[in-house]
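First comes the structure, then the notes that go with it.
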Protein chains: 2
Amino acid sequence: MTLDGLAPHGGGADALARRLARALLAGRWQPGDPFPKELDLCAHFAVSRNQVRNALTSLTATGLIERTAGRGTVVRPVAEWHLLDPLISDWMTGIDSLDPTLVREIFAFRYSAEPTLARLAATAAEADDLQRLEAAFEGMTRTAGDPDTQGLHAEYDVAFHDAIYRASHNLVWRQMGHLLRPSIIALIHSSQAHVREEHDSLDDSLSRHGRVLEAIRRRDAEGAEHAACEVLRRTAIDLGIVAETADAH
Amino acid sequence: MTLDGLAPHGGGADALARRLARALLAGRWQPGDPFPKELDLCAHFAVSRNQVRNALTSLTATGLIERTAGRGTVVRPVAEWHLLDPLISDWMTGIDSLDPTLVREIFAFRYSAEPTLARLAATAAEADDLQRLEAAFEGMTRTAGDPDTQGLHAEYDVAFHDAIYRASHNLVWRQMGHLLRPSIIALIHSSQAHVREEHDSLDDSLSRHGRVLEAIRRRDAEGAEHAACEVLRRTAIDLGIVAETADAH
DNA sequence: GATTGCCAAAATGTCAGACATTTAATAGGC
DNA sequence: GCCTATTAAATGTCTGACATTTTGGCAATC
C-alpha cells in the first residue's frame, strides 16, 4: 500500500502523526503490511526527517506500528493497539469511517463494564460528582432534538458518562473515560445513517439517563446498575448492534 | 528535588526512561515539582541529549511529566498518569517500594471489575482459552509453597488472570491484563512482609483459583463471578486491605 | 549441490552542533 | 506605577554525517 491519496501536509509533527494514525485506524493498511519508509514520508509530505521520526514515535508508542532497525516498519495487529491510550481516543474522534469492528468492541466493553461502574459510582459519588452529572444531564436536555446542536449534545453525552467514570473515584476506571468520545461520536454517525424515529429514541434515551442520575443521587447501587443497563440497551439498539427486545431483567 | 543518589547509567535510552520512570513511580518527585532540565540529565548520566530527549518523550507519552518550551518540565498529578499504558505496567514491575496508594487503587479496580469479567469469560471462552487457564493453574499448583519458585509462581498467577482477560474475547478488556503484573508482584512483596500463616493462605488461594477455572469450564457465568469474588477477597486479605470476614454473598 | 562466509545495500537508530521558538524575569523609560 | 524592550533559559527543530541491524546476493568451499 502506497501513500497515494494522502493530502499534503499542513501542521507540525503532531498533525502528521494524527494524519497517519487516522489512516491506520480507518484500515488503510492491513496488519503485517509494511509501512512507508522514513525517507518516503519525508519526500511525500515535504517535511524534515525529524518530524517524521517524531510522528512515527507516537505511532510506535501507541502500538499501531512496530519498527526494527534494518528491517523497516510494519503495521501491528489490531489486538495489540493500545486502545486505552488517550492519544488513540483523540485520533479516533471525528473519523467518519471508523472500523465497525472496533466500534462494536468498544461498545461491548462498555456494555459489560458500565453497569458495574454505575453501581460503584452510586456508592462513591460526592457532591461535586453529582454536580457534574447534573450539569451534563441538563445540557443533554437543553440540546436534545435540535439538529443544530447535535454536536453539542454528543459532548454533553460524553460528559455525562465521563462523570460516572470519575465518580467511581478510582484512578483506573477514570482513565477509561477516554474511550467514551469515539464511542459516542460513532453513535451519532450511525444514528444519522438509519434516520428512523429519531425523536422517540432521543426522548427515551434522555429519560433513561435521568434514571441513572436519580439512582446515583439516592445512593441506590442496585438501581444505578439497572438503570445503566437500560441506557446501554437503548444505545445498542440505536447503534444497530442488537434488536429491540423486551426488558430482560 | 535533585538527582542525588541516582546511580550512573548503563543502557540505552529505554533504560534511562525506565530508571527515571521508576524514580517517579516511587514518589521521588511530587506532582507539580519541576523535573531536571535536559542538560542536567545529560551531565549527570553522561549521555547525549538525544537519549535524554528520547527518554523524556516516553515519560511524556505516558503522562508522567509535562514539558513546555521555555518553561521546563514538571511532574503531572498521579490522576493523569496513563496507568493502562503497557509501558507503565512494565516500569512498575519489580519496584519494591511502589506507592501503596497506587497498589490499592489498582486492586480496587480489579476487585470491582474481575467478577464481571469472569462472568464474561465463562460465556465467551473457547478451547485455547481453557487450555491457557489450565496450563497456568497447573503451573501455580506445581510451584506452590516452595520459596525457590516464588517468582515463577507469581508469573503463573499473572498468566492465570491474564488468561481470563483474554478469554473475554474483547479487545478493551484484553488490554487491561497489563495491570496484573504490577498488582500481583506487589502482592508478593506485601505477603513477604507480614509472614503469617503463609501455607494455609496459599492452599486457600489455590483452591479458589481452581473453582474459577471449573466454573468457566462448565460455562457457569454465575458461578464464575462468585468464584472470582472469592479469589479477590482472599487476595485482599493477603494484601492487608480488608480484614478477614465471613462470606458476604 | 548445500553450506558457509563475506560484502554491499537499505533501513532505522544515534550523535553533535547550530539555530528557532517560547516563556519568564528584568531593567529602563515615560 | 506601568508598559516595553532586552536578555536569559529552557524546550523544539533542522541538518548532515555516522552507527547499527537486517537482508540478500555472490562466491568459495566441502
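Note on naming: letters A, B, ... go to the chains in the order of the sequence lines (proteins, then strands), and numbering restarts at 1 for each one. It should be emphasised that the depicted structure is a prediction, and the values quoted were computed from it without experimental measurement.
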Q. Can you tell me how far P of C:dT23 sits from NZ of B:Lys37, to the nearest Å?
A. 16 Å
Q) Looking only at atom types and distance, does a side-chain atom of B:Arg22 sit under 3.5 Å from a main-chain N or O of B:Thr93, one as donor and one as acceptor? A) yes
Q: Please list, chain by chain and in numerical order, all residues satisfying salt bridge (charged side-chain N to carboxylate O under 4.0 Å, His left out) with A:Asp162, sequence neighbours excluded.
A: none
Q | Set of residues satisfying side-chain contact (heavy atoms from CB on, under 4.5 Å) with respect to B:Ala108, sequence neighbours excluded | A | A:Asn170
**Q.** Inter- and intrachain pairs under ring-ring contact (aromatic ring centres under 6.0 Å, His included), touching residues 147-168 of chain B, at least two apart
**A.** B:Phe160-B:His209, B:His161-B:His209
Q: With sequence neighbours left out, write down each residue that passes side-chain contact (heavy atoms from CB on, under 4.5 Å) with B:Leu179, or none if nothing qualifies.
A: A:Val172, B:Leu84, B:Ile106, B:Phe109
Q) Between residues 61-71 of chain B and DNA chain D, which residues have a heavy-atom gap below 4.0 Å? A) B:Arg67, B:Thr68, B:Ala69, B:Gly70
Q) What integer distance in Å separates B:Asn50:CG from C:dC15:P? A) 6 Å
Q. In chain order, what residues pass the side-chain hydrogen bond (donor to acceptor under 3.5 Å, both in side chains) check against A:Arg49, with sequence neighbours excluded?
A. A:Glu38
Q | Separation of atom CZ in A:Arg53 from atom C1' in C:dT14, rounded to whole Å | A | 8 Å
Q.
Distance check needed: C:dA11 P versus A:Leu41 CG, whole Å only.
A. 12 Å
Q. Should B:Gln51 be listed as having a side-chain N or O under 4.0 Å from OP1 or OP2 of C:dT14?
A. no
Q: Shoot me the first and last contacting nucleotide of DNA chain D against chain B, ordered 5' to 3', at under 4.0 angstrom to non-hydrogen atoms.
A: D:dA10 to D:dT13
Q. Which residue pairs pass the salt bridge (charged side-chain N to carboxylate O under 4.0 Å, His left out) test with at least one member in residues 73-97 of chain B, sequence neighbours excluded?
A. B:Arg18-B:Asp90, B:Arg76-B:Glu80
Q.
I need the CG-C1' distance between A:Asp40 and C:dA11, as an integer number of Å.
A. 11 Å
**Q.** C:dG13 base / A:Arg49 side chain donor-acceptor hit below 3.5 Å
**A.** yes
Q) Does anything in residues 57-66 of chain A pair up under salt bridge (charged side-chain N to carboxylate O under 4.0 Å, His left out), and if so which pairs, sequence neighbours excluded? A) none
